[in-house]
Amino acid sequence: MSACAVATCPNYHRKTKGKGVIYHVFPVCPNRSKIWISKCKRQDHINVKYARICSDHFRPSDYMDDMKNRLLGLNQKKILKPNAVPSVNLPLQDNGEDISSRSERKRKRSILREAKIRLKCLSPKKACETPAMEPFTTPTTENICSSCFETQKENALLLERIRFLEKELEKTKEDTKKNQRKKIKEMKTKAQIGRILTENKSLKSEVKKLSKIEENFKNILTATQINAVIENKSKIKWTAEDISRHLIIRSISRRAYEYWRNQIGIPLPSASTLKRWCSKFSCRPGMLHDVLLVMQKTFHSKPEAERVCILSFDEMHIDRKICYDVSEDQILGPFSKVQLVLARGIMAGWKQPVFFNFDTTMTKHLLYEIIKKIEEKGLIVKAIVSDLAGSSTLWKELEITSENNFFIHPLNCRKIWAFADPPHYLKLLRNHFLDTGLVLKDGTVLTKNIFEEMFKKDRGEYKLCLKLKPNLLTVRGNERQKVSPAKTLFSATTAKALLLLTGNQRAAEFFELVDSFFDIMNSSKLHPPSNKPLQAGYGLEKYFSQQEQILQNMKEEMNGMRVQGKKSSLPFQKGILISISSLSGLWNDLKNLKFSYILASRLTQDSLESLFSQIRGAGRFYDHPSSVEVIYRLRNLLLANKLPILSPKVNTREDSINEGYLTADILKNAFAEKDIQEIRELSSEEDDLVAFENLCSEEFPMEWKIDEPSNYCGMTFSEHEGLKYIAGYIASRVRSEDSSLGYFSAEKTDSESAPWIYALSKGGLTVPTEAWLKITEEMECLFVSIHGKSGYHSGKNVTKQIIKILEEKYPGVNRKAIKIFSRLRTFIRIRYLNRNSPKDIRKSEKKMNKWLKSSS
């Protein structure tokens with residue numbers, strides 16, 4: 001733990017954590033180190049190897065400007081100047097005298113001494129032979145004294161800072177001039193309007209009428225439309241709010257929209273403008289703001305009952321690799337999971353993803369933020385649904401228990417009810433029954449052995465339970481994730497077969513109770529089939545008393561039941577109890593909104609699991625997408641009117657709402673099929689990507705065992721030859737625009753300049769020139785300085801920033817060559833990181849060890 005070495009200074013690392021205090025090591029120079037020790041005013045010995053002095057004892061002028069991070073927009077580091085000395089907040093001397101006067105005298109003496117040394121160096125007879133050096137370089141000759149080098153370095157930094165400040169000053173001057181011109185114009189127009197109104201009283205009354213008309217039309221037209229009508233504009237700059245509103249209008253009727261626009265003359269965006277906006281539909285990690293904007297316009301005039309919704313959330317495993325996002329020019333990953341939140345109407349049959357993010361756990365704070373953002377757009381959140389694994393920590397934060405099955409809304413006192421996903425606790429009930437057995441409330445023990453007698457009697461050609469097979473009792477691994485085997489086991493048919501063949505009435509009653517309970521929790525029809533009356537909507541008078549009796553019996557059974565070997569209730573039992581209480585509480589809330597029933601199937605995660613399956617199925621055989629593929633597949637689902645083939649990896653029953661999502665339904669009604677296909681096409685630079693894939697198909701050779709030359713940036717021989725190969729490839733790509741970057745290998749036979757290219761080439765490969773190779777090496781060093789030797793910069797516009805810096809540094813180099821290098825080098829770094837990740841290395845080692853054992 002670092003502590004300040006200055007006497008009477010109370011600072012130490014734990015106390016000043018997060019307050020911006022930095023602890024500096026003592027200088028290596030013995031003379032400067034003695035000065036620092038004297039400033040500490042300590043009577044005991046100071047070990048300069050481990051001692052530190054905090055930044056509270058240095059002035060702001062003692063720190064250098066961190067130009068690199070400032071230009072890149074990163075957090076600037078505090079770096080001390082070479083001659084910095086502690087001079088602030090120092091202790092008093094032993095005799096009580098303030099040491100500031102003594103330090104001032106010392107400072108003056110040191111300034112005088114340095115001035116004499118500099119005068120000697122600058123005199124014509126004793127001048128140091130200082131060749132012209134680039135800034136930030138080290139002295140190359142022994143004749144240069146350290147003081148001259150330090151002054152030269154400081155001057156170079158000051159010059160760079162002056163240039164930067166001059167540019168900023170010019171920008172601010174231009175901005176101030178523009179603002180002054182705007183203000184002058186506004187003042188002139190206001191003065192002219194005031195003069196005209198005072199001279200003509202009739203105009204004043206007309207202006208009042210126009211203002212009243214404008215106020216009345218605010219409910220019908222947007223502000224942009226009103227300005228377009230008043231000013232008679234031919235070109236209108238539409239806002240995102242205008243376009244989202246008009247998109248909803250066009251989805252109601254395309255013909256009426258075109259009639260209003262072309263025949264009546266109401267200012268409306270054209271179809272191409274709407275398509276262009278939809279093609280830029282944002283689908284970035286976090287809240288889906290464009291989706292929420294469309295939802296706000298959709299539900300603006302809808303009744304309150306259609307705006308009541310439920311939020312379901314869960315995580316999906318994805319491919320843990322680093323990817324490049326073309327649209328944002330950003331490197332993403334490695335991520336292992338994606339958290340998705342889906343909003344679904346309780347009364348109306350709509351569903352819509354509203355949030356997603358990578359490696360994000362659902363917390364109380366995040367859930368509150370999502371609810372606030374959704375309700376700002378006019379929706380009403382009444383409940384949440386999650387599986388038992390994802391809700392364990394969240395329910396603790398929200399203080400949800402078997403007795404307390406709701407939490408208070410973050411903005412008002414309204415209750416929000418918590419539900420557990422029925423398919424998940426049905427599977428857990430089945431697993432505990434098969435693994436250890438269940439002890440019912442009356443002490444009856446149920447294990448899978450009760451099926452042995454039934455299978456012995458029901459194994460002929462004519463069977464009573466056709467779906468019930470012995471393999472349902474031995475499910476393992478991924479098979480336990482499927483719902484249908486658990487539903488088949490706990491079915492009414494199984495209960496009746498147990499009673500008929502074995503006579504075990506208690507087991508038959510329990511199995512039939514579980515089947516009836518899940519019929520109620522998955523009710524999806526207003527008029528159920530005659531053999532399944534409990535699948536009717538919860539709350540209908542005809543079935544309500546029977547449904548309430550089943551729920552009460554299930555509640556008593558879960559309270560008294562225990563898994564064999566366990567003394568207390570398990571999470572799946574608590575989930576069932578919470579869901580039963582929440583269903584009753586939600587029904588009492590919704591009766592005030594004139595709800596006549598609840599379809600409990602909309603209080604499950606079926607729609608969310610269906611979304612996961614659609615994201616996986618969009619890749620056909622590649623059903624384990626990466627982070628970038630999740631973004632693009634989800635975007636296509638939000639815009640498409642045809643859903644992809646579902647992936648076979650579905651953990652719940654099929655979603656009862658088979659239509660597309662809300663945004664996709666709006667686009668389906670607003671545009672034709674060919675227009676939607678055009679919207680879905682993303683703008684990408686495929687030429688560079690295809691060329692990169694072709695280039696990456698050839699592996700670089702293993703490192704040659706020869707003496708290592710002094711290569712640029714500390715590269716090995718094979719890396720340097722690979723860089724030459726890349727430089728030659730870029731030169732061949734821009735040959736038609738600039739032929740000075742390289743030449744064909746057949747033109748010269750100098751194989752020593754690029755041995756790898758000459759080893760591969762039959763005369764057609766391009767060899768880079770010395771000038772272009774030197775520039776490529778410098779660009780490589782700049783790339784390493786930004787991304788590091790074994791990492792990557794996680795910000796947006798990563799290649800654009802490199803291109804901008806390189807264009808400023810090399811104004812004479814072809815822009816296309818710089819662009820290809822920045823993109824290609826980024827892809828090579830991504831490929832290297834993915835191939836050398838610790839997880840992949842462990843996998844390859846396991847495969848190698850397995851192969852060696854099998855071959856031995």
Side-chain angles (χ1 to χ4, degrees), residues 312 314 385-392 402 418-438 440 446-448 450-451 465 467-469 471-495 498 507-524 532 534-535 538 547 550-551 553-559 561-563 566 569-583 599-610 612 649-656:
S312 57
D314 200 359
V385 184
S386 62
D387 60 0
L388 295 170
S391 62
S392 57
S402 303
F419 287 86
D421 187 35
H424 283 84
Y425 52 70
L426 175 63
K427 291 183 288 186
L428 289 171
L429 177 64
R430 185 271 317 273
N431 294 343
H432 288 296
F433 169 71
L434 296 180
D435 294 342
T436 57
L438 304 174
L440 303 184
L446 295 181
T447 62
K448 63 181 179 180
I450 62 174
F451 287 95
C465 297
K467 294 183 179 179
L468 194 63
K469 300 175 184 178
N471 61 356
L472 294 180
L473 304 178
T474 58
V475 287
R476 291 288 182 272
N478 292 330
E479 289 297 318
R480 288 198 167 191
Q481 298 298 321
K482 295 182 180 179
V483 184
S484 55
K487 191 76 175 79
T488 304
L489 189 66
F490 289 97
S491 64
T493 307
T494 304
L498 279 170
E509 289 176 356
F510 178 75
F511 275 69
E512 192 168 1
L513 176 63
V514 173
D515 179 72
S516 301
F517 170 69
F518 280 97
D519 282 346
I520 297 170
M521 299 307 292
N522 285 286
S523 59
S524 57
K532 290 284 187 180
L534 294 175
Q535 288 185 355
Y538 179 78
Q547 289 173 337
I550 295 294
L551 293 177
N553 293 342
M554 190 66 180
K555 193 172 183 179
E556 292 175 1
E557 194 69 65
M558 286 297 111
N559 277 322
M561 189 189 77
R562 293 291 181 268
V563 174
K566 303 291 182 181
S569 299
L570 294 185
F572 79 92
Q573 295 172 264
K574 295 176 183 176
I576 292 172
L577 294 172
I578 289 169
S579 297
I580 292 171
S581 302
S582 294
L583 183 62
L599 296 180
S601 61
R602 294 181 181 176
L603 305 176
T604 66
Q605 283 189 320
D606 291 343
S607 293
L608 187 61
E609 292 292 342
S610 178
F612 289 157
K649 296 182 180 179
V650 183
N651 297 336
T652 60
R653 55 182 289 182
E654 189 176 352
D655 185 15
S656 58

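Keep in mind that the numbers below use all heavy atoms, side chains included, and drop hydrogens, waters and symmetry copies. The first residue of the sequence shown is numbered 1, and numbering continues consecutively from there.
- A distance of 7.5 Å separates SG in Cys465 from CG in Leu498, rounded to the nearest 0.5 Å.
- With a 4.5 Å cut-off on side-chain heavy atoms, Gln573 and Asn559 do not count as touching.
- Nearest heavy-atom pair across Gln547 and Leu534 is NE2-O, 3.5 Å.
- Taking the side chain as every heavy atom from C-beta outward, Met521 and Leu583 approach each other to under 4.5 Å.
- Closest approach of Leu599 to Ser524, counting heavy atoms only: CD2-C, 3.8 Å.
- Between the CD1 atom of Ile520 and the NZ atom of Lys532 there is a distance of 11.0 Å, given to the nearest 0.5 Å.
- In this structure, CZ in Phe419 is found 9.5 Å from OG in Ser581, a value given to the nearest 0.5 Å.
- Of the inter-residue distances, the one linking Leu438 atom CG with Lys566 atom NZ reads 13.0 Å to the nearest 0.5 angstrom.
- In this structure, Ile580 and Lys555 approach most closely via the heavy-atom pair CD1-N, 4.0 Å.
- Taking a cutoff of 4.0 Å between a charged side-chain nitrogen and a carboxylate oxygen, Arg476 and Glu479 do not qualify as a salt bridge.
- Put simply, the side chain of Ser579 gets close to the backbone of Ala420: a donor and an acceptor are under 3.5 Å apart.
- Side-chain contact between Val385 and Asp314 is absent, with no heavy-atom pair separated by less than 4.5 Å.
- Phe511 pairs by the ring-ring contact (aromatic ring centres under 6.0 Å, His included) definition with Phe433, Phe451, Phe490, not counting sequence neighbours.
- Side-chain contact between Tyr538 and Leu551 is present, with heavy atoms from C-beta onward closer than 4.5 Å.
- With hydrogens and angles disregarded, a donor-acceptor distance shorter than 3.5 Å links the side chain of Thr494 to the backbone of Thr488.
- Shortest non-hydrogen contact noted between Leu446 and Leu440 is CD1-CD1, 3.8 Å.
- Between Asp387 and Lys427 there is no salt bridge, since no side-chain nitrogen of the basic residue lies less than 4.0 Å from a carboxylate oxygen of the acidic one.
- Using a distance-only test at 3.5 Å, with no hydrogens or angles considered, no donor-acceptor pair links the side chain of Ser402 to the main chain of Lys574.
- Across all their heavy atoms, Val563 and Phe572 have their closest contact at CG2-CE2, 3.9 Å.
- A salt bridge links Lys487 with Asp515; the closest basic N to acidic carboxylate O contact falls under 4.0 Å.
- Nearest approach of Leu473 to Leu489, heavy atoms of both residues: CD2-CD1, 3.8 Å.
- Side-chain contact between Asn553 and Phe517 is absent, with no heavy atoms from C-beta onward closer than 4.5 Å.
- Of the possible donor and acceptor atoms, one in the side chain of Thr604 sits under 3.5 Å from a partner among the backbone N and O of Ser601.
- Here the CG-CG distance, from Leu388 to Asp421, works out to 8.0 Å after rounding to the nearest 0.5 Å.
- Side-chain contact between Pro423 and Glu609 is absent, with no heavy-atom pair separated by less than 4.5 Å.
- Here the side chain of Thr436 pairs a donor or acceptor atom with the backbone of His432 at under 3.5 angstrom.
- Here NE2 of His424 is found 9.5 Å from OG of Ser386. Values are rounded to the nearest 0.5 Å.
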